[in-house]
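Below, read A as the first sequence line, B as the second, and so on, with proteins coming before strands; counting in each chain starts at 1. These numbers were taken from a predicted model, which means no experiment stands behind them.
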2 protein chains.
Amino acid sequence: MTIDPHSHTPVYVQLANLLREQIETGELRPGSALPSEARLTQEHGVGREAVRMAVALLRSEGLVKTVRGHGSYIRQTPERRQVELVPGASVVARMPSGKERRAMQLDEGVPVLEVRDPRGGVEVLAADEVELTRPA
Amino acid sequence: MTIDPHSHTPVYVQLANLLREQIETGELRPGSALPSEARLTQEHGVGREAVRMAVALLRSEGLVKTVRGHGSYIRQTPERRQVELVPGASVVARMPSGKERRAMQLDEGVPVLEVRDPRGGVEVLAADEVELTRPA
DNA sequence: GTCGATTTGTTCGTATGTATG
DNA sequence: GCATACATACGAACAAATCGA
């Protein structure tokens, strides 16, 4: 697929869709680097701003992680450990606050799970590390 | 706090941190508008791209919603309806794909909950609308 | 340790389109 | 129609971080 500058969908969204597909199909593997901004601008014939917005979009989706002066990398989600939801507990999912993201060293685009146990205790978990379960 | 162009943390991240704090402390109230891009560039002495990326970051965190031709507004989270997790079910939280966000009409920065029931059925829920519970 | 190549961060200028009031 | 404000897009330039020779 190529990019159509005259489409009603923004160029940067088209590029993000293209890269997302390459990630989801495994054409770009977890841990490997995205092509540099310069390469992406050349190969797709778009401006650098479109490239940067496309990468920012993928970052906000938790698909890639960008390191300044180095590159953008496909995030690999760690094994999800199973966490049992105790009786009487409740959970909400949301994006972390700035403090939480720094304290928990979360990458961009990683939600948190706020687990409230029946006694009022609250626990905040990185959403990409856990799978909540209710045993049968 | 002011912004340090020579800091190792990107200017747009510093600005986002600054605005995020104003939101979290209630200095900027839900429903109210952020200062315009022009005001933010002037008042903080940063470039337009920095302002736009900062706002985009807050948007990706679900803190603000931008209305084209009008401004950016502090998001207010809707009521959460309680959803009971059936026995044998499991849940993961993640950011939605582009398709999902369009299909479910999710604002940016809203995670989804992927609920898998014991028979293999999968349900995707907007995370800002639900609170998962396991009854006592 | 220094240098240079690569890559992302930041700013500015410019332009067009779209939505609101 | 007009003014304001955000959205998209390209080009150019320099700064800063990283890495390897």
Whole-Å gap separating [atom2] ([N]) and [atom1] ([X]):
{"X": "A/Y73", "N": "D/dC19", "atom1": "OH", "atom2": "C1'", "result": "10 Å"}
{"X": "A/L40", "N": "D/dA9", "atom1": "CG", "atom2": "C1'", "result": "16 Å"}
{"X": "B/E108", "N": "D/dC6", "atom1": "CD", "atom2": "P", "result": "15 Å"}
{"X": "A/L15", "N": "D/dA9", "atom1": "CG", "atom2": "P", "result": "10 Å"}
{"X": "A/H6", "N": "D/dT8", "atom1": "NE2", "atom2": "C1'", "result": "13 Å"}
{"X": "B/R59", "N": "D/dT8", "atom1": "CZ", "atom2": "C1'", "result": "12 Å"}
{"X": "B/M53", "N": "C/dT11", "atom1": "CE", "atom2": "C1'", "result": "12 Å"}
{"X": "A/E37", "N": "C/dT10", "atom1": "CD", "atom2": "C1'", "result": "11 Å"}

N/O (side chain, B/Y12) to phosphate O (OP1/OP2, C/dT10) under 4.0 Å: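 Looking at the OP1 and OP2 atoms of C/dT10, neither is under 4.0 Å from any side-chain N or O of B/Y12.
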
Distance below 4.0 Å between B/R52 side-chain N/O and D/dA7 OP1 or OP2: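 Answer yes for this pair, as a side-chain N or O of B/R52 is under 4.0 Å from OP1 or OP2.
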
Nearest to the side chain of [X] - [options]?
{"X": "B/T66", "options": "C/dT11, D/dC6, C/dT10", "result": "D/dC6"}
{"X": "A/H70", "options": "D/dC10, D/dC19, C/dT11", "result": "D/dC19"}
{"X": "A/S36", "options": "C/dT7, C/dT10, D/dT8", "result": "C/dT7"}

Nearest-nucleotide comparison on DNA chain C, the residue closer to the 5′ end among A/E49 and A/R39: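 In this pair, the answer is A/R39.
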
Donor + acceptor pair across side chains of B/T66, B/S72 (<3.5 Å):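 Their side chains do contain a donor-acceptor pair, which is all the 3.5 Å distance test asks for.
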
Worked verdict on A/R52 versus B/E49 for salt bridge (charged side-chain N to carboxylate O under 4.0 Å, His left out): CA-CA 11 Å; A/R52 287 182 60 76; B/E49 293 307 311; over 6 Å; no

Touch class at under 4.0 angstrom, heavy-atom based, for B/S72 against every strand present: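 Touches nothing.
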
Touch class at under 4.0 angstrom, heavy-atom based, for A/G47 against every strand present: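 Sugar-phosphate, no base atom in range.
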
Residue whose nearest DNA chain D nucleotide is more 5′ - B/G71 or A/V67: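 The residue whose closest nucleotide sits nearer the 5' end is B/G71.
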
Distance, nearest 0.5 Å, that separates CD of B/E114 from CG of B/L125: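 Between B/E114 CD and B/L125 CG, I get 10.0 Å after rounding to 0.5 Å.
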
Gap separating the CZ atom of B/R59 from the CE atom of A/M95, nearest 0.5 angstrom: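 Output value for this atom pair is 14.0 Å.
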
Donor-acceptor pair under 3.5 Å, A/R68 side chain vs C/dT10 base: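 No.
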
For A/R80 against A/A127, the heavy-atom pair lying closest together: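 The answer is NH1-O, 2.6 Å.
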
